[in-house]
2 protein chains.
Amino acid sequence: MMKMHIPHDTPSHDARQDARPFSQILDRLRGAGLRPTRQRMALAKLLFEGGDRHLTAEMLHADAQSANVRVSLATVYNTLHQFHRAGLLREIVVDSQRTYFDTNMSDHHHFYFDQSGELADIPGDQVEVAALPAAPDGMEVSRVDVVVRVRPQGA
Amino acid sequence: MMKMHIPHDTPSHDARQDARPFSQILDRLRGAGLRPTRQRMALAKLLFEGGDRHLTAEMLHADAQSANVRVSLATVYNTLHQFHRAGLLREIVVDSQRTYFDTNMSDHHHFYFDQSGELADIPGDQVEVAALPAAPDGMEVSRVDVVVRVRPQGA
DNA sequence: TGTCAAGTTTAGAATTACTATAATCTGATG
DNA sequence: CATCAGATTATAGTAATTCTAAACTTGACA
C-alpha cells in the first residue's frame with residue numbers, strides 16, 4: 001500500500017533526517033479532509049519539506065516543473081487555496097497584484113523588500129503590538145498583520 | 001487668471017468654510033511639480049475636499065462621473081500614482097486585486113472589513129508597535145503597516 | 001497674442017494574475 | 001474490479017491595471 005509515481009527519491013525505509021516523510025504529509029492531508037492525490041502530495045512535499053517559504057502560485061508551479069512534477073497551474077491555485085482553508089498555509093497580502101502564501105503558521109510578522117518583492121519572517125516575539133483599539137461594534141478581530149516595508153539605505 | 005470649466009459651484013469669493021479653496025489645491029499641485037490641469041484640479045478637489053477617504057481608481061472615476069467631471073480611467077490611474085509619488089496620498093495594500101489610496105497622510109493604521117472590503121482609519125495613537133526588530137543589513141524601514149482584519153462576530 | 005515643445009489626456013489594446021468551465025481522469029468504496 | 005464523487009486539466013474568461021500612439025493643453029517666449 002502506498003506506492004506513488006513520484007520520481008525515485010527518498011525511499012521511506014531509508015530516510016534519515018525525518019522518519020516516514022510521506023505518511024507525515026499523508027496524515028496532514030487526511031486530517032484536513034483532502035484526498036491525498038498525486039498532485040497534492042507532490043505539492044505538499046515541495047511546500048513543507050523546504051523549511052519556511054513564501055511563495056506565489058507561479059513560483060510553486062515553476063518549482064514543480066523543475067522537480068519534474070507535472071501539475072497544471074490551475075491545480076496549483078486550487079491546492080494553495082485548499083491548503084490555506086485547511087489551515088496548512090497562511091495568505092499574506094503585501095503587494096496588490098500577487099498573492100503570497102507562507103508555510104510558517106506560527107505567530108509572526110513580515111519584512112517586505114519593496115524593490116525585490118521578497119518577504120522575510122519576523123519572529124512573533126520581535127514585534128509587539130500594544131494597545132489595539134476595540135473592534136468596531138458587532139465585529140471581532142480575525143487577524144492583525146504587521147508589515148515592515150524596507151528599502152536599501154538611502155533610496 | 002484662473003477661470004476653470006468646472007461645473008458652476010464654489011465661486012471662490014463666496015466660499016465660507018475654506019478661504020480660496022482653488023488656490024490651496026493649486027499650490028499643492030504646484031508644490032508637487034505637477035501642472036495644474038483641469039483634470040488634476042478636479043480630481044484633487046474630489047479627493048481632498050471630502051475629508052479622509054479610502055478609494056480605488058474605479059471609485060474615484062465613478063465619483064468624477066457623478067460630479068460631471070469628464071476624466072478617463074487611465075487619467076485617474078495616472079493621477080493617483082502621481083499624487084502618491086508626490087506625497088499627497090498614501091497607498092494601502094489590504095486586498096490583492098484592488099489598490100486603495102488614502103487621503104489621510106497622518107500616521108495611522110487600518111481596520112479592514114473582510115466581507116465588505118471596506119477600510120477604516122485607526123488613529124496612530126491607538127496602536128502601538130513596540131519592539132520593532134532592526135532592519136536587515138543595508139536596509140532601512142520605509143514604513144510599518146498594521147492592518148487589523150475584522151469580521152462580523154461569530155463568522 | 002501666435003507658435004511651439006513639452007507635458008497631458010485619451011481610447012483602446014495589451015498584460016497580468018487569477019477564476020470558471022466542461023471534459024476527462026482517479027482513487028476510495030463496495 | 002466497477003462505480004462515481006471528487007480531482008485535474010486545458011482553455012476560455014474576467015477584472016484590475018498598464019501601455020501605446022495619437023490628439024490635445026499648457027506655459028513660455030517671440
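A note on names: the letters A, B, ... follow the listed sequences, proteins ahead of strands, and every chain is numbered from 1.
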Classify the nucleic acid contact of A:H81 as base, sugar-phosphate or nothing, counting any heavy atom under 4.0 Å across all strands shown. sugar-phosphate
So which one's nearest nucleotide on DNA chain C is more toward 5', B:Q97 or B:V76? B:V76
Out of curiosity, does A:F111 fall in the hydrophobic cluster containing A:V147 (side-chain heavy atoms, cut-off under 4.5 Å, transitive links)? no
OP1, OP2 of C:dT9 versus side-chain N and O of B:S72: anything below 4.0 Å? no
I'd like to know if B:F48 and B:V71 are part of one continuous hydrophobic network [Ile/Leu/Val/Met/Phe/Trp/Tyr, side-chain heavy atoms within less than 4.5 Å]. yes
Candidates C:dT10, D:dT8, C:dA20 - which lies nearest the side chain of B:A74: C:dT10
Between A:H54, A:H84, A:M59, A:R53, which is the residue that forms a side chain to side chain contact (heavy atoms under 4.5 Å, CB included) with A:F101? A:H84
For B:L34 and for A:Y77, locate the closest nucleotide of DNA chain C by heavy-atom distance; then report the residue assigned to the nucleotide nearer the 5' terminus. B:L34
Contact class for B:R70 (heavy atom, under 4.0 Å): base, sugar-phosphate, or nothing? sugar-phosphate
B:N104 side chain to B:S106 main-chain N or O, any donor-acceptor pair under 3.5 Å? yes
Measure from CE on B:M41 to C1' on D:dT26 and round the result to the nearest Å. 14 Å
Transitively linked via ILVMFWY side-chain contacts under 4.5 Å: B:I122 with B:Y100? no
Are A:T99 and C:dC18 close enough that a side-chain N or O sits under 4.0 Å from OP1 or OP2? yes
Closer than 4.0 Å, any side-chain N/O of B:Q39 to the OP1 or OP2 of C:dT9? yes
Can you tell me how far C1' of D:dA10 sits from NE2 of A:H61, to the nearest Å? 11 Å
Whole-Å distance between D:dT8 P and A:L43 CG? 9 Å
Carboxylate-amine/guanidinium contact A:R90 A:D145, below 4.0 Å: yes
Would you say B:R98 reaches D:dT17's phosphate, i.e. side-chain N/O to OP1/OP2 under 4.0 Å? no
Whole-Å distance, B:L29 CG to D:dG27 P, equals 11 Å
First encountered from the 5' end of DNA chain D, between B:R30 and B:E58: B:E58
Within the pair B:T37 and C:dT9, is there a side-chain N or O less than 4.0 Å away from OP1 or OP2? yes
Between A:H84 (NE2) and C:dT19 (C1'), how many Å, whole number? 17 Å
D:dT26 phosphate, OP1 or OP2, under 4.0 Å from B:R38 side-chain N/O: yes
Atom CG of B:D95 and atom P of C:dC18: how far apart are they, to the nearest Å? 12 Å
Between atom OH in B:Y100 and atom C1' in D:dT17, what is the gap in whole Å? 15 Å
On the nucleotide C:dG27, are OP1 or OP2 found under 4.0 Å from the side-chain N or O atoms that A:R35 carries? no
Round to the nearest Å and state the distance from B:Q82 atom CD to C:dT8 atom C1'. 9 Å
